[in-house]
Trainee: 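Before we start, here is the structure in question, set down as structure tokens.
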Amino acid sequence: MLSSSFATTDSLNNCGLFDRNISVHVLRLDSYCPVGFSSATGNKYFKLKENIAYAKRNGFQRILSFGGAYSNHIHALALAGSDFEIPTIGIIRGEESFRVNPTLQDAKVAGMHLEFVDRTEYRKRNDSGYLENLQARYPDAYIIPEGGSNNLAVEGCKEILDHARHSIGNSFDHIFVPCGTGATIAGIVASSRKNQNVYGVSVLKNAHYLNEEVVQFLAQESVIENTNWDILHDYHFGGYAKVTDQLKNFVEEFSSKSNIAIEPIYTGKMFYAIFDLIEKQVIPSGASILAIHTGGLQGLRGLHQRQVTTGTDTA
Ligand SMILES: *Cc1c(COP(=O)(O)O)cnc(C)c1O
């Protein structure tokens, strides 16, 4: 499934967002629609591509995965399943009433079979006994963890930096990406150069375990020597899918000045972190930043709904 097209890279340098001697390029995975796909699915395409290839190669008849009612991963999986003609099953945390939300509506239209489970059952999604039962119920299904995050996802994410190199070469020295499970940043670190610093902006509160997760993902890739990365834990704005007025205002101003649509769950927190670190001069003058726009805009449609519901998720 290697594509012959590339994602575009936009420069933010002339939109009046900052005046320091720092260049910022945005890798637009949000608008990247790979060959064979009917729509752009951000970083989730890279996380899914090797998984889908694996399922097809090994004769699985369908793909099963897990997610919240607004999940970007569930949305992307459903669409990819339709594009590649492999049926999909989504185990969704929450009630049937979510069925009317735009994310799940799209998933259903794309042919995904949805199964709703309560929080107690959803919590078991990584337990081996639970997974064995699911596999027994769906013997022909390839099961992918929540968020699509496994080592095949990391493998697929190693392609991301190629898209930036294709348009701007290797001149960037600071790379930023929003971080949920750590699989995407692991792929980026694995394909980065040692003189490039990679920063994952955690969108979850107190998610210090992420550092260890990334180490584990990297170890599976036999990458142990790369220490050119860090997870930033101070830009979660209260936790997963939590949005403050400050963040909301930032997202609005950024979107209107740059003409690049972002959302507050993932990319908003990343761009906020970048601006804050430039402002505080933590990022030195002369730096060249690559910001990875991972998409997630489909989830915006359910944002209002999400804010009045508690603790739902888009991972
Ligand atoms: C899922 C997602 C992420 C996080 O990716 P991880 O591999 O889980 O760290 C970042 N941005 C967007 C828009 C996402 O949907």
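When a ligand or atom number is given, it counts from 1 through the structure's own listing order. Here the structure is a predicted model, which is why all the values come from computation and not from measurement.
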Trainee: Charged N to carboxylate O under 4.0 angstrom, R93 versus E146?
Mentor: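 Answer for the salt bridge query: no.
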Trainee: Checking contacts here: is it the side chain or the backbone of I185 that comes within 4.0 Å of ligand 1, counting heavy atoms only? Could be both or neither.
Mentor: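 For I185, no heavy atom sits under 4.0 Å from ligand 1.
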Trainee: Minimum heavy-atom separation for T88 to G81, with atom names?
Mentor: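 Closest pair (atom of T88, atom of G81, distance): CG2-CA, 3.9 Å.
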Trainee: Taking a cutoff of less than 4.0 Å between a non-hydrogen atom of the residue and any ligand atom, is G42 in contact with ligand 1?
Mentor: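 Checking ligand 1 against G42, which is what was asked, there is no heavy-atom contact under 4.0 Å.
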Trainee: What about Y32 and Y266, same hydrophobic cluster or not, with Ile/Leu/Val/Met/Phe/Trp/Tyr joined at side-chain heavy-atom distances under 4.5 Å?
Mentor: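 Yes, because Y32 and Y266 connect within a single hydrophobic cluster, where side-chain heavy atoms sit under 4.5 Å apart.
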Trainee: Is the closest heavy atom of G182 to ligand 1 under 4.0 Å?
Mentor: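 Heavy atoms of G182 do come under 4.0 Å of ligand 1.
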Trainee: Considering only NZ, NE, NH1 and NH2 on the basic side and carboxylate oxygens on the acidic side, decide whether K248 and D245 come within less than 4.0 Å.
Mentor: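 Salt bridge between K248 and D245, a charged N being under 4.0 Å from a carboxylate O: no.
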Trainee: What atoms of ligand 1 come within less than 4.0 Å of a heavy atom belonging to T184?
Mentor: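 Selected atoms, number and element: 5 (O), 6 (P), 7 (O).
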Trainee: For T181 and ligand 1, does the shortest N/O to N/O distance drop below 3.5 Å?
Mentor: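 Yes: some nitrogen or oxygen of T181 is under 3.5 Å from one in ligand 1.
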Trainee: Considering only heavy atoms, which of E146, Q298, H293, K44 lies nearest to atom 1 (C) of ligand 1?
Mentor: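 Residue with the shortest heavy-atom distance to the ligand atom: K44.
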Trainee: Need the ligand 1 atom indices (1-based, order shown) with element for anything under 4.0 Å from a heavy-atom of G180.
Mentor: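 Counting atoms of ligand 1 from 1, those under 4.0 Å from G180 are 4 (C), 6 (P), 8 (O), 9 (O).
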Trainee: Considering only heavy atoms of G295, which atoms of ligand 1 have at least one such atom less than 4.0 Å away?
Mentor: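 Contacts of ligand 1 toward G295, numbered from 1: 13 (C).
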Trainee: Looking only at non-hydrogen atoms, which of T294, I265, T267 approaches atom 12 (C) of ligand 1 most closely?
Mentor: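 Heavy atom nearest to atom 12 (C) of ligand 1 belongs to T294.
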Trainee: Can you tell me which portion of N72 lies within the under-4.0 Å heavy-atom range of ligand 1? Options are side chain, backbone, both, or neither.
Mentor: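 Side chain only.
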Trainee: Identify the two heavy atoms, one from S202 and one from H233, that lie closest to each other, and give their separation to 0.1 Å.
Mentor: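 For S202 versus H233, the nearest heavy atoms are CB-ND1, 4.0 Å.
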Trainee: Would F37 and F84 count as a close aromatic pair, with their ring centres under 6.0 Å?
Mentor: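 Yes, close enough.
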Trainee: By number and element, which atoms of ligand 1 are closer than 4.0 Å to a non-hydrogen atom of G296?
Mentor: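 This gives 13 (C) as the contact atoms.
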Trainee: Would you please determine whether K47 falls within less than 4.0 Å of ligand 1 on a heavy-atom basis?
Mentor: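 So K47 counts as touching ligand 1.
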Trainee: For C179, counting its heavy atoms only, list the atoms of ligand 1 lying under 4.0 Å from any of them.
Mentor: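 Contacts of ligand 1 toward C179, numbered from 1: 9 (O).
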Trainee: Taking Y130 as the fixed residue, which of E121, R125, Q135 is the one that meets the side chain to side chain donor-acceptor pair (under 3.5 Å) rule?
Mentor: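 Going through the options one by one, the only one that passes is E121.
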Trainee: Could you tell me if the ring centre of F172 sits under 6.0 Å from that of H25?
Mentor: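 So the answer is no for these two rings.
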Trainee: Mind checking the CZ-OH spacing from F237 to Y272? Nearest 0.5 Å is all I need.
Mentor: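 Spacing of CZ (F237) from OH (Y272) equals 4.5 Å.
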